[in-house]
Amino acid sequence: MVSEVLWLLGLVVLIFLPGLCFVALFRLIDYVAHDELIARVENGEMQSGCRTGSGSELSDGSSGATSGDSVRCPSCGAENWGDATYCGNCLTEI
Ligand SMILES: [Zn+2]
């Protein structure tokens, strides 16, 4: 009875151990590949983020930080810096 259980346990280990090894290996490969992907995405996002970030920051900063000293665009109504000559939103001359 005990030997049968042990035999079954050995069989289960023999069946599942290679699978577990494969799972662990794939997890490791996935982890390494994921890390490389993250590095690539971070590099790409840093490049594209700088390009898009400067444009959005211009409109966001002009509308957010100029609550006291701001000029409202006559064309689109967006708030701009007090000394702004062109609208940060629609580029109309103020
Ligand atoms: Zn405007």
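Values in this document were obtained by computation on a predicted structure and should not be read as measured data. Any value given below was found using the heavy atoms of this structure, including those in side chains, with hydrogens, waters and symmetry copies removed. Counting starts at 1 for both ligands and their atoms, in listed order.
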*Please indicate how many protein N/O/S atoms are found closer than 2.8 Å to the Zn ion (ligand 1), with waters neither displayed nor included.*
4
Is [Y] reachable from [X] through a run of hydrophobic residues whose side-chain heavy atoms are each under 4.5 Å from the next?
| X | Y | result |
| --- | --- | --- |
| Leu91 | Val71 | no |
| Leu25 | Leu20 | no |
| Trp7 | Ile15 | yes |

*Once you round to the nearest 0.5 Å, how far does CZ of Arg72 lie from CD1 of Ile94?*
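It is 11.0 Å, given to the nearest 0.5 Å.
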*Among Cys73, Cys87, Ser70, whose side-chain contact (heavy atoms from CB on, under 4.5 Å) with Glu79 holds?*
Ser70
*Any sub-3.5 Å donor-acceptor pair from Asp83's side-chain atoms to Trp81's backbone N or O?*
no
